[in-house]
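A short write-up of the structure that comes next.
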Protein chains: 2
Amino acid sequence: MAYNGEEALRLAFEEKPDLILLDIMLPLLDGFNVCKRIREKMDVPIIMLTAKEAEVDKVLGLELGADDYVTKPFSAREIIARIKATLRRTKMQDRESEILTCGELVLDRGRMELFKGSAQIELTYREFTLVAFLLQNAGYVFSREKLLEEVWGYDYIGDLRTVDVTVRRLREKIEDDPGNPIYICTRRGAGYYLRRPS
Amino acid sequence: MAYNGEEALRLAFEEKPDLILLDIMLPLLDGFNVCKRIREKMDVPIIMLTAKEAEVDKVLGLELGADDYVTKPFSAREIIARIKATLRRTKMQDRESEILTCGELVLDRGRMELFKGSAQIELTYREFTLVAFLLQNAGYVFSREKLLEEVWGYDYIGDLRTVDVTVRRLREKIEDDPGNPIYICTRRGAGYYLRRPS
DNA sequence: AATTAATGTAACATTCCTGTAACATTTTGC
DNA sequence: GCAAAATGTTACAGGAATGTTACATTAATT
């Protein structure tokens with residue numbers, strides 16, 4: 001929450017929010033200028049709030065790069081709906097760029113593909129989900145319980161050792177020497193983690 | 001599970017749950033007030049349940065500090081998704097505070113790593129758990145009994161001297177001169193503590 | 001319906017962590 | 001200064017944790 005245009009700019013760059021609701025009528029620096037200056041540096045969704053219908057034309061005409069606009073007075077329901085819709089739209093675009101990397105490994109969530117260097121590695125669903133989760137949280141150690149919850153599903157019921165076997169199969173495909181893994185490593189007594197390149 | 005607002009308050013403070021699902025329509029004390037009073041004392045994620053769309057505005061307008069809201073009727077899938085998303089968000093914030101430092105020592109709980117300056121120190125599970133506990137309570141002296149309870153587990157049964165040996169192994173790895181420790185120190189007749197830099 | 005692939009379970013193998021015990025050293029109390 | 005208590009130190013065996021493989025079962029495909 002910012003109470004004037006300059007604070008809005010500062011907060012936007014500092015906090016890197018997922019989405020910005022931007023009023024036009026602001027002290028110090030109006031919404032038009034704030035929007036323009038944010039757009040110069042960031043690719044964050046912006047929804048503009050206008051008090052007067054007359055301003056709508058201006059929002060559209062100036063090609064500010066706002067993703068949507070809402071005219072006052074608006075209901076909470078309406079603004080929430082706009083926010084959701086905007087996030088859904090922008091997430092879609094993100095999906096294509098949902099690529100995780102760690103050293104030689106490159107993972108494309110959308111296409112469900114994993115590459116090691118230029119070579120594609122064929123993975124099954126479980127294997128892919130597991131490596132994707134570890135990659136997304138590279139460096140962090142996860143217990144078998146946590147992995148079952150996150151990868152298999154919170155309501156999955158089964159043996160903890162299932163994780164071990166899936167890890168083994170992953171190593172078979174990913175590691176040069178599955179006996180001495182350099183990607184999917186074990187922290188004895190704790191669980192597994194994906195080692196980041198040093 | 002609480003069946004009225006006052007019970008909800010009592011339970012929240014007693015049980016310290018990870019997350020609260022809070023209906024608005026409650027006997028004795030409604031959800032708005034429960035939420036407000038919990039927020040005054042605790043920083044627990046709260047998801048509000050509303051029967052009427054009209055209440056949504058109120059939830060948002062009152063700035064109760066609820067983390068999310070769901071309108072009835074909702075599917076199990078939806079509420080689970082909201083819970084997960086909320087927990088993920090709040091956990092993320094925890095991540096950064098998972099790092100403990102004391103002088104040259106830097107410990108990362110999530111990664112289960114300990115650094116002394118820029119050099120990483122390889123620790124076993126017990127060693128890590130022990131130093132993490134001492135670091136989190138730097139300066140405070142703990143008896144062998146207390147350490148067994150906190151680090152080994154309240155239900156652990158074994159020799160008190162086990163602590164000594166683990167401390168010895170830790171010193172071997174952490175101290176420049178394990179014979180004259182400057183980090184993990186002994187308070188004769190009492191126990192061990194981690195000395196804070198002077 | 002037959003075949004193939006995916007995945008969980010179980011059983012066996014291996015590693016290396018960790019507690020115990022035994023002895024050494026330091027400190028305390030008298 | 002001596003005995004006793006507390007702590008330091010070391011070695012080693014047992015076992016818990018993990019690795020590995022095989023097989024059964026389920027799901028997907030032909």
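We name chains A, B, ... by the order of the sequence lines, and we start the count at 1 in each one. Computed over heavy atoms, backbone and side chain alike; hydrogens, waters and symmetry mates excluded.
Using a 4.0 Å cut-off, no side-chain N or O of Arg188(B) falls inside it from OP1 or OP2 of dT26(C). An OP1 or OP2 oxygen of dT7(D) is reached within less than 4.0 angstrom by no side-chain nitrogen or oxygen of Arg187(B). Neither OP1 nor OP2 of dA6(D) sits under 4.0 Å from any side-chain N or O of Thr186(B). Residue Thr124(B) places at least one side-chain N or O under 4.0 Å from the OP1 or OP2 atom of dT18(C). Between Arg161(A) and dT20(D) there is no side-chain N or O to OP1 or OP2 distance below 4.0 Å. Here Arg171(B) reaches the OP1 or OP2 of dG8(D): one of its side-chain N or O atoms lies under 4.0 Å away. For the pair Trp152(A) and dT7(C), the criterion of a side-chain N or O lying under 4.0 Å from OP1 or OP2 is not met. Applying the 4.0 Å criterion to OP1 and OP2 of dT18(D), one finds that Arg144(A) has a side-chain N or O inside that range. An OP1 or OP2 oxygen of dG8(D) is reached within less than 4.0 angstrom by a side-chain nitrogen or oxygen of Tyr192(B).
Side chain of Thr166(B), nearest nucleotide from dG19(C), dT9(C), dT7(C): dG19(C). Which of dA11(D), dT18(C), dG8(C) sits closest to the side chain of Val165(B) comes down to dA11(D).
Rounded to whole Å, the distance from CG on Asp177(B) to C1' on dG8(D) is 13 Å. At whole-Å resolution of the value, OH in Tyr125(B) and C1' in dA16(D) are 13 Å apart. When rounded to the nearest whole Å, the span between CG of Asp164(B) and P of dA11(D) equals 17 Å. What separates CD of Glu127(B) from P of dT18(C) is a distance of 7 Å, to the nearest Å. One interatomic measurement links the two molecules: CG of Asn180(A) to P of dG19(D), which rounds to 11 Å at whole-angstrom precision. Remark: C1' of dC17(C) and CZ of Arg169(B) are 8 Å apart, rounded to the nearest angstrom. When rounded to the nearest whole Å, the span between CZ of Phe128(A) and P of dA5(C) equals 21 Å. dT18(C) atom P lies 16 Å from atom CD of Glu172(B), rounded to whole Å.
A salt bridge links Glu172(B) to Arg168(B): one of the charged nitrogens lies within less than 4.0 Å of a carboxylate oxygen.
To the nearest 0.5 angstrom, Thr86(A) atom OG1 is 11.0 Å from Ile46(A) atom CD1.
No more than 12 heavy atoms of other residues, nucleotides or ligands sit less than 6.0 Å from atom CZ of Arg37(B).
Contact annotation for Tyr156(B): backbone-only contact, meaning every heavy-atom pair under 4.0 Å involves sugar-phosphate atoms and none involves a base.
In this structure, Arg187(B) forms a cation-pi arrangement with Tyr193(B), its terminal cationic atom sitting closer than 6.0 Å to the ring centre and no more than 45° off the ring axis.
No hydrogens or angles considered: nothing links the side chains of Arg171(A) and Tyr183(A) as a donor-acceptor pair under 3.5 Å.
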